[in-house]
Every structure is written in C-alpha cells, then in structure tokens.
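This chain uses plain numbering: 1 for the first residue, then up along the sequence. Ligands are counted one by one from 1 in listed order, and the atoms in each one are counted from 1 as well. Predicted, not measured: the structure shown is a model, and the values here were computed from it. The basis for the numbers below is simple: all heavy atoms, side chains too, and nothing from hydrogens, waters or symmetry mates.
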Amino acid sequence: MSAFPFADRPRLFGVAVSHYQVEGDDECDWTDWEAAGRTKGGACGRAAGAWQRYEEDAALAAGLGANAFRFSVSWSRVEPKRGLFDEVALARYRRFVERLVSLGLEPVVTLHHYTHPRWFHEETPWTAPSSVDAFARFARKTARALAPHVRLFIPFNEPLVLLLGGFLDGQIPPGLADPRAAARALDHLFAAHAETAAVLREEAPGAAVGVAHNMMDFAPDRPGHPLDALLARHARRLYNTAFLEAFATGRWNLWIPPFTRLKGRRDALPGSLDFVGVNYYSRLHVRFPAATRVLTGFAYRDRQGRGLTDNGWEIVPESFGALLGDAGRLGLPVLVTENGLADGADALRPAFLESHFAALAAAEAAGVPVAGYLHWSLLDNFEWLDGYGPKFGLFAVDPDTLERRARPSAAVFRALSKSFLRLSLPEGHAQNSVHI
Ligand code: IFM
C-alpha cells in the first residue's frame, strides 16, 4: 500500500515533459504517422534533443524551485522488437532518474504517453487481449530498472484521449474510427492499467500508481439553449467523471453521442489507483446536434475576454477549480500532472499561472486533497498534430542550437514554488486509497 503523499515530501511542485515530445529521433508509430502525412505540423525529428540533454534539463527544473519532474519512458526505445529489451536505453533512463534524485527532484514516471513501438499495432494491438501482457511486461522491465529511485508511476497518460483519437476519430495512431474496436481497446486499456499497477507494486513496493486523466470543461455554445446545455452537461460528465469512476467501481458505461456506447467491467480496477492525476487546459463549447468528429467538432471561444492561447484555447481557471473538485470525489490524493498553455510571446503565461494557482488554492481550501502541481511544460516541445507551432515552455528552445532560454514567466513560476511548497497539508489530508 502506498503512503502518498509521502511524509518526507508532502507536496510536489514541478514540471512535466514526455519522451517523444522532447527526446528526438525516436522511431515509433508516430514517426510513421508523420511520414504518412497524418499530422498538420510535420515531423518531430530531433525535438528538443533531451535524450542528450536530460541532465541539463533536470538542472533547469531544480533552478525553478521544483521538487518533482514528470517524464515518460519510450516503449519503442526500451523494446524496439517484441520481447527484445534494450538495456542501454533502460540504463539511460536510470541515469536520468539518478540525476533527478541527486537534485532533490521526485521522479514521476509515465509509462505510456501516446506512442507505441512499431511492432505493436501489427502484433498485439489494444484490440487484442495479448496487449495487456505485452504492456505489463514492458512495465515490469522498466520498473525493475528504475526502482528503487521511483515512488510515483503513471501507467497511462490520457487514456481516454488515446481511445477517442485513436479508435473513434482516426486522428492519432492507430487511426481507427470503429466503435467495436474502441470497445475492445478500452477494455484492454483498463485491464492493462490494473495489471501494470499490480506489477509496479511488486517491483517497487510502496510506490504510488496513478492515471494522468485529461479533464476539460464543456459549456453550451449558445448560452441558454437547452439542448446545448444538455449536451454540455453530458460531455462534462462523460469526459471527466464517468471515465474516472471506472477506476473506483470497476464498471464503465460511456455513451458517446450520437451512436456509440462503450460498456464493460474489470474487477481488478478498484484498488489499482493511489492518486488521480489531472491534466487540465481549457473548456470547449458544444452545440446540438452532437458533432460526428469526436475530437474536432467543438469550438473554443474567448467568453471571458482573457484572450485565447496561441493554439486557440480558452483560458478558464474557474473550470480548473471545479474539475479538481470532481477529481477529488474519488477520495484519493489529486496530483495536477499537467497544466499550461501555448504562449510563445509569454504575454498570457504570468496571469495564467497566478490565476490557476489561485484556483488550486481555492479548491484545496474547499477540501480537495491536492498533492502537487506539475506544469506543462518545462520546454517548448513537439505538440503532436500541431508540430512546433505551439510553445508550451517555461523555457524557449532555439530550433537551431537547441539552446534553452528562460521566458520571463519562469520567474513567476519560481516565486509560486515558494508559496506552494511552504503550505503544509491540512490535518486529515488523504494519505491512502479510499474508494468510492
Ligand atoms: O502536449 C500535450 C501532452 O502530450 C498531453 N496533454 C496535453 C498536452 C498539450 O496539448
């Protein structure tokens, strides 16, 4: 049983990155997706060159006053051929983890952040039961290499986005738009989470296991329109809580308008989470009738006049607070595993940080057991379908030299680290798993 938040580090404050978006030159299903012209933003290429610069990036995070660093392990580097594990890649991640620890940074390790080894979709895709063991085996190898330095593992980043984008909307690998495949994939993703949690508890006793769940707010596109309001309510519940509750109850029943229902049960799910990770960015406006494209049929609007981010997302700190409240209802510690914005000019980021920290503090004061905050992102990085356009970094990355340069908001972030980490946990703060 994990005792997260840990007594020796009750609050986490730091940054998040993911392997494909910063490492560079990682051959996987996304590389093929880019080559097939399926992205708007072109190829990832050498990204931010972090595979060679992780140690430097750890020091940048420490310089921001962070005590935690979330990153992900590339499955395609670790298992380039099915069953063949690359010890050199594992050793490289181990060196990085040791560096994090030596700088006083808690490693938060994600095992799946969107990409797959090239063999995966052919040989044992998420629609096949064998995917569960394949993923758990990779998780075991990785945990064995990184334990005992790692106390926080996240088997899956944004599994619902992978499901919607990869199996219902055809936008990301494996590029399917097939409700039956989606139903099978969801079942196996849940099973893989539960199986991996069990593996991690064997390999890294005492480590805490979470999920990084993308949470969004939804609002009626036509304020006051009853059908838009109904749709927004449904989307909010479906996207945020209905999915999360499956981890507590072991059951799911998701109706994705207009015609898709995903229903299932996995008895191993309850008890498989020690914390809820929240990735929060924005709010979408929905209009009845429901869109046919799951991920792209909604609109962002600047309803409060705060300005839209570089990639057009609305800034809504109020929704952050409300969604943290929803996440907190699982009765588990809530770790903000991502929050940030694309803002190359750094014009909006200072106010974004201040307002989201105020919302976080208010949620905490209202009883949400907040265990920490990890900002997306330390660096400008490769933003999936949008390539290098959106700049999410506290540090800008020069595309030619890969030199990192702090944006002015890095100082704001640093100042926030002091006040955030100074606060101690209120009495009775969740220390262990309680399931609804
Ligand atoms: O860059 C992504 C990340 O990989 C997952 N969460 C959302 C971020 C911003 O789009």
Please walk me through it: do D326 and T241 pass side chain to side chain donor-acceptor pair (under 3.5 Å)? CA-CA 7 Å; D326 289 345; T241 41; 5.5 Å; no

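Side-chain contact annotation: H149 with R94, donor-acceptor N/O pair under 3.5 Å absent.
Checked against R306 for a salt bridge (charged side-chain N to carboxylate O under 4.0 Å, His left out), the options E314, E354, E318 give a single hit: E318.
Remark: ligand 1 atoms within the under-4.0 Å shell around heavy atoms of E383 are 1 (O), 2 (C), 9 (C), 10 (O). In the vicinity of Q21, heavy-atom distances shorter than 4.0 Å reach the ligand 1 atoms 1 (O), 2 (C), 3 (C), 4 (O). Ligand 1 places these atoms under 4.0 Å from at least one heavy atom of H113: 3 (C), 4 (O), 5 (C). Short contacts between ligand 1 and E158, defined as distances under 4.0 Å to a heavy atom of the residue, involve ligand atoms 5 (C), 6 (N), 7 (C). Of all the atoms in ligand 1, the ones that sit under 4.0 Å from a non-hydrogen atom of F392 are 9 (C).
Between R404 and D57, at least one side-chain N (NZ, or NE/NH1/NH2) sits under 4.0 Å from a carboxylate O, which counts as a salt bridge. Salt-bridge formation is not detected for the pair D228/R233: no Lys NZ or Arg NE/NH1/NH2 atom is positioned less than 4.0 Å from an Asp or Glu carboxylate oxygen. Between E27 and R118, at least one side-chain nitrogen of the basic residue sits less than 4.0 Å from a carboxylate oxygen of the acidic one, meeting the salt-bridge criterion.
Within the structure, ligand 1 lacks Y280 among the residues with a heavy atom less than 4.0 angstrom away.
Considering both main-chain and side-chain atoms, N214 never comes within under 3.5 Å of ligand 1 through any nitrogen or oxygen pair.
When heavy-atom distances to ligand 1 are checked against a 4.0 Å cut-off, W313 comes that close only through its side chain, counted from C-beta outward.
For residues 172-191, the set of pairs meeting the side chain to side chain donor-acceptor pair (under 3.5 Å) definition, not counting sequence neighbours, comprises D187-R266.
Scanning all protein heavy atoms for the shortest distance to atom 6 (N) of ligand 1 gives E338 OE1, 2.5 Å. From the protein, the heavy atom lying nearest to atom 8 (C) of ligand 1 is Y281 OH, 3.4 Å.
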